[in-house]
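Each chain gets a letter, A, B and so on, in the order the sequences are listed, and its residues count up from 1.
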Amino acid sequence: MSEEIRRQRIEKIEELKKEGIDIYGRAFPKKEIASIKEGEADVKTAGRIMAIRHHGGSSFLDIKDSTGKIQIYIKKNNISEEELFIFKRLDIGDIIGVEGDVFRTKTGELTILLKHLTLLSKSLNTLPEKWHGLKDVEIRFRKRYLDLIMNEEVREVFKKRVKVIQYIREFLNSKGFIEVDTPMMHPIPGGAEARPFITYHNTLEMNLYLRIAPELYLKRLLVGNFEKIYEINRSFRNEGISPLHNPEFTMLELYSAYGDCREMMEITESLITFLGEKINNSLAMDYQDKKIDLSLPWKRIKWADIFSEAGIANWRDKEVVLKKAEEEGIELTEEDKGNVFEVLDKIFKKKIQPKLVNPTFIYQYPVEISPLAKSYPDSVDMVERFELFIGCLEIANAYSELNDPVEQRRRFLDAINKTTGNKEKMVDEDYIEALEYGMPPAGGLGIGIDRLVMLLTNSSSIREVIFFPLLRPKK
RNA sequence: GGGCCGUUAGCUCAACGGCAGAGCAGGGCACUCUUAAUGCCAAGGUUGGAGGUUCAAAUCCUCCACGGCCUACCA
């Protein structure tokens, strides 16, 4: 049948061509549909045909552009012969330009009485059904353009995504931060704990890695006397795909020279409450089946305290931690059991994270799991770092930046000795050399934009907030 | 990587061992204020793919592909 429809449509195109009609149109200055008012004369607008209702000598079309939808009323003896010829060959999905006077029908619908019709693009494929729309999740992701044409809620999500990023820029620019961009292809992957994508440069005859985080380059800029900087862009991690993970994702990273972790906490609070107000006009919001209140102040709790509340009085006591994991029915590999932080992380994800509905800062992390963060002055074991959870999602990660090159090298080597699986891990001597020239003390913050957008749009999957999430190619 | 579920017309869905169906979209006819327009007529299928069981398979079994959710990995 699709072949049949296609054939019929190609036939229409041939007929139109024979009459010398331009099937695919030219520039057409138009008014946005949403701004069209009753009583306006000779309005020119354009959009995609979403419905056609023939009613004898008159017909009604619904056309849609990026701002809205409007009805077009065609009286057959009101338009030229050529336009009538075009009109008879229109299909749902075609893009047309129209010109006419605006009025209301007796049922109250804002309508353009057509005077002139211009064909701007003929479609060969049928759009999904007008009433039920496009539901098939796979087609929605593979052919996102159809999803965007048919599902208004999906458009709204992506409009909000665009706004979130605009407002972040507005907010940070107003606070004196400047936006920079740093390499996405790194000779040595760093700045996070993840496996990278590998690519190859032919002329240089060397492997490059798609960045897993911009962190180490942004901090080179701190060395270079850029003091308040941020970058909003893609990072890439060669890991599993899930409702919370896409191989490429968008992060905000922000650095403030002469600041610290505490300053980052304040910025995070004011940025996210600003976004809540701007995007949803409210600090109260729903996420999935949860009610979230973004009102300040947000809860702050020490990393160690969250475990003692869960019944682990001393997280360094491996026996207690292992026993707790067992009680909670958490499956552990032999490798996990060798690393108390792995076990704690699993307990955290299973038992604690699902309870972090309202914004919660968890702070003061062990140095072992924070290789780029600065220790507390009175306790070298713990670092000035926080993670922020909202709606049970991890939204932000921040710390006072380690600017001691000797200590940094020691921690890098330490991490390499501990992990066996991550073969791409190397010490970025170039970064350490930069630190050796002197980096100011600084606060740094990372926010996962996709997850933040999920939260602000009440989306259950990261694929709902990324235009083209990665899928296995079909066929 | 493992488990569960799904895949039927362009789209949304029925049929659940016995002739593959409907609505929308598309084609034809009628109708000059309709809006899920309406009425009538005709058309549209390798039931994701390959095997198997059976007199008979969309339906039961096996394998494969793609997707979703959970889990694992990972921030």
Legend entry - G133(A) or R104(A), whichever maps to the more 5' nucleotide of RNA chain B: G133(A)
Legend entry - Interatomic distance where CD belongs to E11(A) and C1' belongs to rG27(B) [whole Å]: 11 Å
Legend entry - Whole-Å distance separating the CD atom of Q8(A) from the P atom of rA42(B): 17 Å
Inset, instruction - Output the residues of residues 360-371 of chain A in contact with RNA chain B, where contact means a heavy atom of the residue under 4.0 Å from an atom of the strand; sort by number or write none. - result: none
Inset, instruction - Would you mind classifying the nucleic acid contact of K135(A) as base, sugar-phosphate or nothing, using non-hydrogen atoms under 4.0 angstrom? - result: sugar-phosphate
Inset, instruction - Using a strict cut-off of less than 4.0 Å between a Lys/Arg side-chain nitrogen and an Asp/Glu carboxylate oxygen, indicate whether K64(A) and E152(A) qualify as a salt bridge. - result: yes
Inset, instruction - Could you please name the option among rC11(B), rC73(B), rG26(B) that lies closest to any side-chain atom of K12(A)? - result: rG26(B)
Inset, instruction - Apply side chain to side chain contact (heavy atoms under 4.5 Å, CB included) to L113(A) and list each qualifying residue two or more places apart in sequence or on a separate chain. - result: Y73(A), K75(A), N78(A), F103(A)
Inset, instruction - Determine the interatomic distance between P on rC29(B) and the same-named atom on rG67(B); round to the nearest Å. - result: 44 Å
Legend entry - Rounded distance in Å between the C1' positions of rG27(B) and rG68(B): 37 Å
Sub-3.5 Å pairs of nitrogen or oxygen atoms, protein against nucleotides 68-71 of chain B:
from	atom 1	to	atom 2	distance (Å)
rG68(B)	OP1	R463(A)	NE	3.2
rC69(B)	OP2	R463(A)	NH1	3.1

Inset, instruction - Using only side-chain N and O atoms of R142(A), determine if any of them is under 4.0 Å from OP1 or OP2 of rG67(B). - result: yes
Legend entry - C1'-based separation of rA22(B) from rA36(B) [nearest Å]: 15 Å
Legend entry - rA72(B) OP1/OP2 closer than 4.0 Å to side-chain N/O of K349(A): no
Inset, instruction - On the 0 to 90° scale, with breaks at 30° and 60°, tag the F307(A)-F348(A) ring pair as parallel, tilted or perpendicular. - result: tilted
Distances under 3.5 Å between nitrogen or oxygen atoms of protein and nucleotides 22-24 of chain B:
from	atom 1	to	atom 2	distance (Å)
rG23(B)	N2	E129(A)	OE1	3.3
rC24(B)	O2'	E129(A)	OE2	3.4

Inset, instruction - Using the C1' atom on both, measure rC13(B) against rU47(B) and round to a whole Å. - result: 13 Å
Legend entry - Pairwise C1' distance, rG6(B) and rC16(B) [rounded to whole Å]: 15 Å
Legend entry - Nearest-neighbour nucleotide for the E109(A) side chain, rG26(B), rC33(B), rU34(B) considered: rU34(B)
Inset, instruction - Tell me what D450(A) touches on the nucleic acid: a base, only sugar-phosphate, or nothing, going by heavy atoms under 4.0 Å. - result: nothing
Legend entry - Residue pairs, two or more places apart or on separate chains, that pass side-chain hydrogen bond (donor to acceptor under 3.5 Å, both in side chains) and touch residues 392-402 of chain A: E215(A)-Y399(A), K219(A)-E401(A), E384(A)-S400(A), R385(A)-N397(A)
Legend entry - Residue pairs involving residues 354-367 of chain A (criterion salt bridge (charged side-chain N to carboxylate O under 4.0 Å, His left out); sequence neighbours excluded): none
Legend entry - NZ/NE/NH1/NH2 to OD/OE distance under 4.0 Å, R48(A) and D65(A): no
Legend entry - N-O pairing of D381(A) and R316(A) below 4.0 Å: yes
Legend entry - Short N-O contact, K143(A) and E138(A), less than 4.0 angstrom: no
Legend entry - Sidechain N-carboxylate O distance under 4.0 Å for E15(A), R89(A): yes
Inset, instruction - Please determine if D414(A) and R411(A) form a salt bridge, counting it only when a charged side-chain N lies under 4.0 Å from a carboxylate O. - result: no
Inset, instruction - Using only heavy-atom distances, decide whether a donor-acceptor pair under 3.5 angstrom links the side-chain of Q71(A) to the base of rU34(B). - result: yes
Legend entry - RNA chain B contacts made by residues 41-63 of chain A, counting heavy atoms under 4.0 Å: R53(A), H54(A), H55(A), G56(A), G57(A), S58(A), F60(A)
Inset, instruction - Before accepting this row, confirm whether a basic side-chain N of the pair K374(A)/D260(A) lies closer than 4.0 Å to the acidic partner's carboxylate O. - result: no
Inset, instruction - Assign K346(A) to base, sugar-phosphate, or nothing according to its heavy-atom contacts below 4.0 angstrom with the strands shown. - result: sugar-phosphate
Legend entry - Sugar-phosphate only, base, or nothing, as touched by G446(A) at under 4.0 Å among non-hydrogen atoms: nothing
Inset, instruction - Would you mind reading off the distance between L134(A) atom CG and rA25(B) atom C1', rounded to a whole angstrom? - result: 14 Å
Inset, instruction - Apply ring pair (Phe, Tyr, Trp, His ring centres under 6.0 Å) to F87(A) and list each qualifying residue two or more places apart in sequence or on a separate chain. - result: H54(A)
Legend entry - Whole-Å distance separating the CG atom of L113(A) from the C1' atom of rU32(B): 12 Å
Inset, instruction - Return the set of residues passing salt bridge (Lys or Arg N to Asp or Glu O under 4.0 Å) with E99(A) (not counting sequence neighbours), or none when no residue passes. - result: none
Inset, instruction - Applying side chain to side chain contact (heavy atoms under 4.5 Å, CB included), name anything that partners L124(A), two or more places apart in sequence or on another chain. - result: R6(A), R9(A), I10(A), I13(A)
Inset, instruction - Check every strand shown and say whether F389(A) touches a base, only sugar-phosphate, or nothing at a heavy-atom separation below 4.0 Å. - result: nothing
Inset, instruction - Could you measure between the two C1' atoms, the one in rG26(B) and the one in rG10(B), and give it in whole Å? - result: 9 Å
Inset, instruction - For the pair K31(A) and E40(A), find out whether any cationic side-chain nitrogen is under 4.0 Å from an anionic carboxylate oxygen. - result: yes
Inset, instruction - Look at the side-chain N and O atoms of R472(A) and state whether any lies under 4.0 Å from the OP1 or OP2 oxygen of rC66(B). - result: yes
Legend entry - Distance in angstrom units between I92(A) CD1 and rA25(B) P, rounded: 6 Å
Inset, instruction - Kindly express the pairing pattern of RNA chain B in dot-bracket notation, using | wherever a base pairs with another strand and counting only Watson-Crick or G-U pairs under 3.5 Å. - result: (((((((..((((....[..))))..((((.......))))......(((((..]....))))))))))))....
Legend entry - Gap in Å between the two P atoms, one belonging to rC55(B) and one to rG28(B), rounded: 49 Å
Legend entry - Integer-rounded Å distance: rU32(B) C1' and I74(A) CD1: 12 Å
Inset, instruction - Can you sort out the partners of E253(A) under salt bridge (Lys or Arg N to Asp or Glu O under 4.0 Å), two or more places apart, ordered by chain and number? - result: none
Inset, instruction - Provide, to the nearest angstrom, the distance between the CD atom belonging to E4(A) and the P atom belonging to rG28(B). - result: 11 Å
Legend entry - Charged N-O contact under 4.0 Å between E326(A) and K323(A): no
Legend entry - Sole candidate of Y209(A), F197(A), Y217(A) that passes ring-ring contact (aromatic ring centres under 6.0 Å, His included) when paired with H186(A): Y217(A)
Legend entry - Rounded P spacing from rU46(B) to rC41(B) in Å: 26 Å
Inset, instruction - Check the distance between rC13(B)'s P and D136(A)'s CG and give it to me in whole angstrom. - result: 8 Å
Inset, instruction - Have a look at I139(A) and say if it touches a base, only the backbone sugar-phosphate, or nothing, with a 4.0 Å heavy-atom cut-off. - result: sugar-phosphate
Legend entry - Side-chain H-bond candidate by donor/acceptor type, E32(A) with T67(A), under 3.5 Å: no
